[in-house]
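See structure below.
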Number of protein chains: 4
Amino acid sequence: MEPTRADARDNRARILEVAEDVFARGGSAASTEEVARLAGVGIATVFRHFPTKRALLEAVLVKHFDHLCERARGLADSDEPGPAFFEFFGHLVDDAAGKLAIIEAFTDAGGDAEGQAGRRPRELREAVGVLLVRAQEAGAVRADVRLEEVYALLVGVARAGAHLQLDAHVRARTVGIVFDGLAARERDERRPVQ
Amino acid sequence: MEPTRADARDNRARILEVAEDVFARGGSAASTEEVARLAGVGIATVFRHFPTKRALLEAVLVKHFDHLCERARGLADSDEPGPAFFEFFGHLVDDAAGKLAIIEAFTDAGGDAEGQAGRRPRELREAVGVLLVRAQEAGAVRADVRLEEVYALLVGVARAGAHLQLDAHVRARTVGIVFDGLAARERDERRPVQ
Amino acid sequence: MEPTRADARDNRARILEVAEDVFARGGSAASTEEVARLAGVGIATVFRHFPTKRALLEAVLVKHFDHLCERARGLADSDEPGPAFFEFFGHLVDDAAGKLAIIEAFTDAGGDAEGQAGRRPRELREAVGVLLVRAQEAGAVRADVRLEEVYALLVGVARAGAHLQLDAHVRARTVGIVFDGLAARERDERRPVQ
Amino acid sequence: MEPTRADARDNRARILEVAEDVFARGGSAASTEEVARLAGVGIATVFRHFPTKRALLEAVLVKHFDHLCERARGLADSDEPGPAFFEFFGHLVDDAAGKLAIIEAFTDAGGDAEGQAGRRPRELREAVGVLLVRAQEAGAVRADVRLEEVYALLVGVARAGAHLQLDAHVRARTVGIVFDGLAARERDERRPVQ
DNA sequence: CATGAATGAGAGTTCATTCAT
DNA sequence: TATGAATGAACTCTCATTCAT
């Protein structure tokens, strides 16, 4: 499973890198052949490393999710849980900007997790959960919000940013509003939602 | 333009209805053939009514956007602009739940508007803009938010609701947080976003 | 077989007329629906009068061939068989100019003559044969040419005129060369053909 | 551009060969699928080698036109320009026998020359022009004929040969008449054409 | 192990022809 | 009888995946 030859390992890495770009631009509808072309390898090489298009997509996502999870876990022990939570939220949204395939993958949160990527969304969700709880304990986030809606907001704003191609400025203001909603201490004269 | 024969009109309506469902589930990648099959008509019948797949998609979207615009305009003259704004926001999010194609269409806000559907997203955006201004004048929404981010939140939460398949409950709570963010009067000790 | 109602007879005639135009322009690849549209009738009406596209094409051709045959027969008794022959040749070539479908039909000279049009090309060929023999008897056309090659020249020049869209001038000069070849009395130092 | 693998080159050649046959019989309306079937390859293989049906047709035509041009140029320096001209004329007509698509292509003499095949008909025409001028200078062809009508006769007789499926004998006699017309020194008592 | 040619299943679209009004 | 809506077969073209080199 661990590739012995160096060139093979290099190829795998390069393909993954290119795939990220290609799928980011064209969404999961982008063609495998373009990945091969841009990676400078034959199409069969792509399929040797990733036996299926789905597998390639998953590998791209796994890498991303692992990245994010790592970051979330690194922030979990922060002395300032409030800023840590908000920083991660903002980072994720910015990171997702323009990455269609990545974004579409958030869908499978609890979904049809058969593949290798299956547990990643759950793990990320849990990591976010940890940050959230800490931030709530620190009084930076309202106690009455739950992970479900926070995750939905995360996904939603990230999706919007990616699909509407918001520039950093608008993205920041959009995120700012959500932050205000999460931080607001007192719920008041809100009209019954729906 | 108005078809004279009853059966044709029925078929057209049935196709449109089915297409809404099919595209809602599979996004715009879903096949025209499935629409035909589920509508119980031959593939050529679909193409008689909608000469192009794109035309079919547009028809579905136009119908939806027109619905939403109508509703937004109906609320524009409300005596209570605040609740009107929030009600429309919530309604749109609920309405979009599960409708992938619809949601994907919000993208083209000012986009490649060539087809008949071209002006709809813009119109909807403008209608939302009207509601927003009124709500701000009434003091129900912070004066410092702009249409851009409100629209982004609208699209984002709708997308999240659709893709994560949130149930009505979670959706309501998610929307609630955004509402708090929009209503919050005083911005305070927020950490520099990014 | 003879339609009793006047409107039906009118429709048939109009369709035939339009079909001639349409097929002339687009060749036999032109669509039946365009014929119907330009004739101002429903597509089903076309198929009522001509049960098959092939039947419609044949009707167009039959009309044309009958026209030509009539003309050829009218010239058969001419006092001046030479000019008569050459006149008919030139007329046919001019007549065919731009009429793709017509021209393509000359193909079936002895061909798969199943349909109603089957005997027409043969009849036309025979009528040309009569003109040719007379012209040869009158000494206006070389005695050693046969109907086969004359017909081939007829078809060939007509086809060329139609497909290359030759204007009347070039057409006339082209035909003139063929006439010289047909009239030439003495065959001489020609190199072995092929 | 030159394919490295032998099997691919063979396939390409076989497809081209079969396509020539298929289009020869059915004209350019013949289906790509039949080409694939007769070549014993999958339909996608045809499209790999020729990305478009039009491209396949063009490849067939280019091959033929290049053949003919080569031959015409080879004859351009002949010591006996008269026989050279007549030989080429006869050769082209024989070569075209039965090849509908090829023949149809002569049409676009100066036509919608966008594709790669675009310049070929023009080149052939020019090559014929050279042969013609030489033959006229040598006194073998009348000085008063122009390339336009010679080309028309070329195309016409070729078309007739192809469509009427003339055997070599009749073809030769037909060509012979045209040759007489081209060679005839004195124009005489011809009736006014048309 | 890398390559790229071959593949077949499907997608969108068109058109001659039939059927219900 | 005239209409035009419905039909399905056929066609061009694409793409993930496999196979021979």
Side-chain angles (χ1 to χ4, degrees), chain A residues 3-5 7-9 11-12 29-37 40-56, chain B residues 3-12 15 29-36 39-56, chain C residues 3-5 7-8 11 29-37 40-56, chain D residues 3-12 15 29-36 39-56:
Chain A
T4 51
R5 277 163 56 166
D7 56 346
R9 224 175 37 244
N11 268 346
R12 205 194 120 94
S31 90
T32 314
E33 218 148 353
E34 201 190 346
V35 173
R37 192 161 37 79
V41 302
I43 178 74
T45 303
V46 175
F47 275 88
R48 168 164 293 276
H49 286 291
F50 309 93
T52 249
K53 185 187 185 177
R54 193 191 157 99
L56 174 56
Chain B
T4 53
R5 264 160 68 166
D7 55 348
R9 220 177 39 245
D10 288 0
N11 264 345
R12 205 195 121 97
I15 290 168
S31 90
T32 313
E33 234 152 356
E34 201 190 346
V35 173
V41 301
I43 178 71
T45 302
V46 176
F47 276 91
R48 160 169 278 270
H49 286 288
F50 308 94
T52 253
K53 184 189 183 174
R54 192 191 158 98
L56 175 55
Chain C
T4 53
R5 278 163 56 165
D7 56 348
N11 267 346
S31 91
T32 314
E33 219 148 352
E34 200 190 349
V35 174
R37 192 161 38 79
V41 301
I43 178 73
T45 303
V46 175
F47 276 89
R48 169 165 293 277
H49 286 290
F50 308 94
T52 249
K53 184 186 184 177
R54 191 191 160 99
L56 174 56
Chain D
T4 52
R5 265 160 67 166
D7 56 348
R9 219 176 39 244
D10 288 0
N11 264 345
R12 205 195 121 96
I15 290 168
S31 89
T32 313
E33 238 155 354
E34 201 190 347
V35 173
V41 301
I43 178 71
T45 302
V46 176
F47 276 92
R48 160 169 277 270
H49 286 288
F50 307 94
T52 253
K53 184 188 182 173
R54 194 191 157 99
L56 175 55

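Side-chain atoms are counted along with the backbone in the values below, which use heavy atoms only and exclude waters and symmetry mates. In what follows, every chain begins at residue 1, and chains take the letters A, B, ... in the order their sequences are listed.
- D10(B) pairs by the salt bridge (charged side-chain N to carboxylate O under 4.0 Å, His left out) definition with nothing, not counting sequence neighbours.
- The side chain of N11(A) contributes an N or O atom lying less than 4.0 Å from OP1 or OP2 of dA2(E).
- In this structure, E33(A) and K53(B) both approach DNA chain E, and ranking their closest nucleotides by distance from the 5' end singles out E33(A).
- Side-chain N or O atoms of T52(B) include none that pairs as donor or acceptor with a backbone N or O of A55(B) at under 3.5 Å.
- Contact check, T52(A) against dT17(F): a side-chain N or O comes under 4.0 Å of OP1 or OP2.
- Closest approach of I43(C) to A36(C), counting heavy atoms only: CA-CB, 3.8 Å.
- Rounded to an integer number of Å, the gap from CZ of F50(D) to C1' of dA5(E) is 14 Å.
- Closest of all the heavy-atom pairs between R12(B) and F50(B) is NH1-CE2, 3.5 Å.
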Under 3.5 Å between N/O atoms: give me all the protein pairs with nucleotides 18-21 of chain F, atom names plus distance.
none

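- One atom, CG of L56(B), and another, P of dT13(E), lie 10 Å apart when rounded to the nearest Å.
- Close to dA6(E), at under 4.0 Å from its OP1 or OP2, lies a side-chain N or O of H49(D).
- One distance of note links NE2 of H49(D) with CG of N11(D); it measures 5.0 Å at 0.5 Å rounding.
- Mapping R48(C) and A30(C) onto DNA chain E by nearest heavy atom places A30(C) at the nucleotide closer to the 5' end.
- Distance CZ (R12(B)) to P (dA6(F)): 11 Å, rounded to an integer number of Å.
- S31(C) comes within 4.0 angstrom of sugar-phosphate atoms only, judged by non-hydrogen atoms across all strands, and of no base.
- Under 4.0 angstrom from either OP1 or OP2 of dA5(F) there lies no side-chain N or O belonging to T45(B).
- Heavy atoms of T32(B) sit under 4.0 angstrom from primed sugar atoms or phosphate atoms, though from no base atom.
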Dot-bracket encoding per residue of DNA chain E, Watson-Crick/G-U cut-off under 3.5 Å, | denoting interstrand: .||||||||||||||||||||
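- The nearest heavy atom of DNA chain F to V41(B) and to G40(C) marks one nucleotide each, and the one closer to the 5' end goes with G40(C).
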